[in-house]
Amino acid sequence: MRTPIVAGNWKMNKTAAEGTALVRAMMADLMAIPEVQTVFCPPFLAVPDVARLIQGSTLAIGAQDLYWEESGAFTGEVSPVMVTEFCQYVIIGHSERREYFGEKDQEVNKKVIAALAQGLTPIVCVGETLALRDEGRTETWVRDQVVAALQNVSAEETAGLVIAYEPIWAIGTGRAATPEDAEQVCGEVVRATIADLYDQATAEAIRIQYGGSVNPGNAEEIMIQPNIDGGLVGGASLQAESFAAIVRSTASAKGLI
Ligand code: PGA
């Protein structure tokens with residue numbers, strides 16, 4: 001059985017002081033649910049303080065991005081080596097990075113490879129726009145994104161990583177995908193693509209998250225879906241009660257508590 005994983009993507013929110021206060025407010029609740037792997041993804045400047053705070057606990061830290069080179073003249077960037085000093089996970093190819101910072105599939109792939117080389121677990125984001133969905137192109141789009149992100153990644157490496165299916169029209173809109181639609185893409189598209197690219201065992205092992213307006217009210221019905229192994233949570237991860245409630249709903253939906 002796959003260990004469910006819920007990650008809080010804070011995006012560009014929370015100073016180091018605010019971030020540690022937020023984590024302090026929910027740490028005890030989250031540590032009481034070790035059945036779910038909980039990951040905080042703060043902005044870089046809050047990462048070290050949050051990492052120190054949760055050191056030795058069941059909780060984990062993820063970066064929101066990285067650059068693929070190990071070091072050098074790349075002003076403003078953070079390397080995988082630097083990320084591993086504090087983080088176990090790293091979000092790669094979030095739709096906001098693709099949309100606002102021009103990140104392309106090929107760069108996403110380079111980042112995935114660089115992260116894996118440092119022993120980080122990538123959370124690779126894929127998802128379609130509303131226009132693509134309306135045109136009936138969701139399946140081919142998501143499949144192509146998965147294939148591109150995993151170029152030259154081995155079956156063993158793929159089995160250990162996380163893919164987050166995040167329909168762009170559902171992110172920050174309050175309009176989550178229906179549990180059925182989310183399950184369909186996570187299962188029949190993402191997991192099926194992994195089976196085609198590698199084998200059934202790899203497809204069974206990889207963890208697939210749903211992201212896009214997950215909140216305490218809809219988490220249970222989404223997380224109960226068999227091909228959804230957790231969530232990538234934006235807005236609702238910025239409040240202790242709502243994030244803890246989502247983690248608890250995930251454990252309950254999977255029959256773990
Ligand atoms: P949201 O964001 O939960 O605020 O919709 C999800 C994400 O972008 O990861």
Side-chain angles (χ1 to χ4, degrees), residues 4-14 18-19 22 26 30 36-44 46-47 50 60-66 87 89-103 108 111-112 115 121-130 132-133 138 141-142 145-146 149 161-179 181-183 185-186 190 207-223 225 228-250 253:
I5 176 165
V6 176
N9 175 12
W10 297 2
K11 310 191 179 183
M12 199 175 72
N13 296 290
K14 305 291 177 188
E18 290 165 348
L22 173 65
M26 58 178 152
L30 293 172
V36 174
Q37 175 65 66
T38 300
V39 185
F40 301 114
C41 303
F44 277 120
V47 162
V50 174
I61 303 270
Q64 296 178 15
D65 186 27
L66 47 58
C87 302
Y89 293 85
V90 56
I91 298 171
I92 296 177
H94 190 279
S95 61
E96 286 150 17
R97 295 223 52 89
R98 297 180 191 252
E99 184 180 350
Y100 305 131
F101 304 100
E103 210 164 288
V108 170
K111 291 181 177 190
V112 169
T121 299
I123 299 175
V124 184
C125 300
V126 297
E128 82 286 1
T129 60
L130 191 56
L132 287 162
R133 176 157 282 258
T138 297
W141 181 264
V142 170
Q145 282 188 323
V146 170
L161 58 75
V162 179
I163 294 182
Y165 166 57
E166 299 203 304
I168 294 168
W169 46 270
I171 295 177
T173 58
R175 181 186 160 202
T178 63
D181 283 347
E183 164 66 13
V185 178
C186 290
V190 179
R207 291 183 291 175
I208 302 170
Q209 296 175 319
Y210 166 77
S213 296
V214 174
N215 62 48
N218 61 21
E220 177 115 22
E221 61 182 15
I222 293 172
M223 301 310 164
Q225 304 298 321
I228 299 179
D229 305 309
L232 183 54
V233 183
S237 73
L238 298 174
Q239 270 162 2
E241 309 79 59
S242 54
F243 191 58
I246 290 167
V247 174
R248 207 173 305 113
S249 292
T250 302

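Counting convention: from 1, in listed order, for ligands and their atoms alike. All values below come from the heavy atoms of this structure, side chains included, with hydrogens, waters and symmetry mates left out.
Distance CG/D229 to CD1/I5: 9.5 Å, rounded to 0.5 Å. Taking NZ of K11 as the reference point, atom CG of L238 lies at 9.0 Å (rounded to 0.5 Å).
A side-chain donor-acceptor contact under 3.5 Å links Y210 to the backbone of G212. Checked by atom type and distance alone, the side chain of R97 never pairs as donor or acceptor with a backbone atom of Q64 at under 3.5 Å. In this structure, K111 contributes its side chain and L66 its backbone to a donor-acceptor pair below 3.5 Å. Between the side chain of Q209 and the backbone N or O of G231, at least one donor-acceptor pair lies under 3.5 Å. Q145 places a side-chain N or O within donor-acceptor distance of the main-chain N or O of G127, the cut-off being under 3.5 Å.
Regarding atom 3 (O) of ligand 1, its nearest protein heavy-atom neighbour is G234 N, 2.8 Å.
Neither the backbone nor the side chain of A164 comes within 4.0 Å of ligand 1, counting heavy atoms alone. By the criterion of a heavy-atom distance under 4.0 Å, the side chain of N9, and not its backbone, is placed next to ligand 1.
Distances below 4.0 Å separate heavy atoms of G172 from the following atoms of ligand 1: 1 (P), 4 (O), 5 (O). Within the listing of ligand 1, atoms 7 (C), 8 (O), 9 (O) sit less than 4.0 angstrom from a heavy atom of H94. Residue contact check: E166 has heavy atoms under 4.0 Å from atoms 6 (C), 7 (C), 8 (O), 9 (O) of ligand 1.
Heavy-atom separations between A170 and ligand 1 include at least one value shorter than 4.0 Å. Using a non-hydrogen distance threshold of 4.0 Å, G212 registers as a contact of ligand 1. Residue-ligand proximity: A236 is placed with every non-hydrogen atom at 4.0 Å or more from ligand 1.
Between K11 and ligand 1, an N or O atom pair is found at a separation short of 3.5 Å.
For atom 4 (O) of ligand 1, the choice among G211, G235, G174 with the nearest heavy atom turns out to be G235.
Around CH2 of W141, the count of heavy atoms belonging to other residues, nucleotides or ligands within 6.0 Å does not exceed 12.
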